[in-house]
Protein chains: 2
Amino acid sequence: MSSAASSPAPRRTGRPRSPEADRAILDATRAALVELGWGKLTMGDVAARAGVAKTTLYRRWAHKSELVVDAVAALFDEHLELPDRGSLQADIEGVVLQFAALLERPETKTALMAVVAESTRDDALRERIRGAIVDRQKRLVLLGRERAQERGELPREEDPSAAARTADLIFDVIAGAVVHRTLVSAEPVGPEWAREFAVMLVAGLGAGLRR
Amino acid sequence: MSSAASSPAPRRTGRPRSPEADRAILDATRAALVELGWGKLTMGDVAARAGVAKTTLYRRWAHKSELVVDAVAALFDEHLELPDRGSLQADIEGVVLQFAALLERPETKTALMAVVAESTRDDALRERIRGAIVDRQKRLVLLGRERAQERGELPREEDPSAAARTADLIFDVIAGAVVHRTLVSAEPVGPEWAREFAVMLVAGLGAGLRR
DNA sequence: GCAGTTACGCTACGGCTCGTAGCGTAAGAG
DNA sequence: CTCTTACGCTACGAGCCGTAGCGTAACTGC
């Protein structure tokens, strides 16, 4: 969650913000993304769908991109997890298929790249994306590595900074490959692709760390 | 090149389109991307910068996204090549650094994700991006693999469809990782990162194909 | 209860961008 | 020298943005 404000004062006096309006707006945003896509989505349209005044919308989100980040982040919260599938390769295949399924959704597909594009010129937006989406994905990588180390599939790296760099590398490789395959190459990510990718990555990790 | 029209009839009668205007518009587009970014770039502004009437602009490009694709594609033409660096790993490092340098440019950084985002709802735009940008990148992958096979670093795959799938996989991994690192993680791609990435990928390729 | 504070819905607005139309003029082709 | 197309210019309706102003609703603290 953590819609708009959660910083210092949780607001103690006056009429509280309506949680129904929050939900209605985020739902309406996702519906609008599906029907119209990022480019044609307008604040006025979202407000109308949500049965809410436009001013109510602007009280919560200053810009379209922030609203969309929050709307999409909820999907990531719901649909990203990493059950133990028994091996590093199986875990990678699982998370790849899960992430790909998220990107196949029309809401996510049209919105994710757009907000990332805007974030290249907006530091606050980039931080919002990081906190709401990216960091949660990265946690899966850290968890998967921890499990693999417990299984003895990956060595434990002593140098913490090197370990962090490796985790970042793995994260960029996994997330980047899935995003590129789905959105740039516009090809589906099926079980075969996930398998081939995971095979390659596991082999690369083993060799790279065995140096 | 291949700016706007190159389809059937190269237009034989009447006043020809001004090549100076073409160049001026594309230059102005890149300049506007640097100063304003994708989001605030407007057709009117580009026309003014180029010293050209807005109507002249709309005669060539129907939408902002198509104009920007052509403007950015020229950069890819100029700055992407694959000199033989002697080994597969060195070739990968080289192309990664080259691609990353392109993505670090403010024009490219702000524009590339934006047009890809729009292309998820616009098939014509996706084809334009593919022809102007993606296919040229992919050629480097094919060239690099060919060289590696001549050096004996990679086996030759008999099944052509499997070979094509492998090439697509490699392409998505390389391009995706660099894009994700640069635009989502917002971390620089330096020689160390390129080395670690290339080491991992080469190891993964060797093992994956050795099955 | 009652005052204080904040959220809400509604309306209206100026400002900006879009994409097009209409005109007179410029530049090549036959 | 005519035909055809490109060009610059101006003007325009349409749509969206983000805000202001108002009266009303909801909740807190005295």
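All values below come from the heavy atoms of this structure, side chains included, with hydrogens, waters and symmetry mates left out. Quick caveat: nothing in here was measured; it's all calculated off a predicted structure.
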Revision key, fill the gap. Note: Val173(B) and Val173(A) closest approach over all heavy atoms is CG1-CG1, 4.2 Å
**Study point:** Ion pair check, Arg136(A) and Asp77(A), cut-off under 4.0 Å
**Key:** yes
Practice item. Answer yes or no on whether Lys64(A) is positioned over the face of Trp38(A), meaning its NZ or CZ is under 6.0 Å from the six-membered ring centre and within 45° of the axis. Key: yes
Revision key, fill the gap. Heavy atoms of Arg30(A) and Ala74(A) approach each other most closely as NH1-CB, 3.6 Å
Point to revise | Ala148(A): partners by side-chain contact (heavy atoms from CB on, under 4.5 Å), with sequence neighbours left out | key: Leu88(A), Arg151(A), Glu153(A), Leu154(A)
Revision key, fill the gap. Leu57(A) CG to dC17(D) C1', in whole Å, measures 12 Å
Review point. Which parts of nucleotides 19-30 of chain D does protein reach within less than 4.0 Å, heavy atoms only, written one letter per nucleotide 5' to 3' as B for base, S for sugar-phosphate only and - for none?
Key: BB----BBBS--
**Study point:** Side-chain donor-acceptor pair present, Glu157(A), Thr166(A), cut-off under 3.5 Å
**Key:** yes
Practice item. Nearest whole angstrom, please: distance from the P of dT6(C) to the CZ of Arg60(A). Key: 15 Å
Check your understanding: Can a side chain N or O of Thr56(B) be found less than 4.0 Å away from OP1 or OP2 on dG8(D)?
Key -> yes
Point to revise | Output field: ring centroids Phe171(B)/His180(A) closer than 6.0 Å | key: yes
Point to revise | Sorted by number, the residues of residues 37-50 of chain A with heavy-atom contact under 4.0 Å to DNA chain D | key: Thr42(A), Met43(A), Gly44(A)
Check your understanding: NZ of Lys64(A) versus C1' of dC16(D): gap in Å, rounded?
Key -> 10 Å
Check your understanding: Are side-chain N/O atoms of Glu20(B) and Ser18(B) paired as donor and acceptor at under 3.5 Å?
Key -> yes
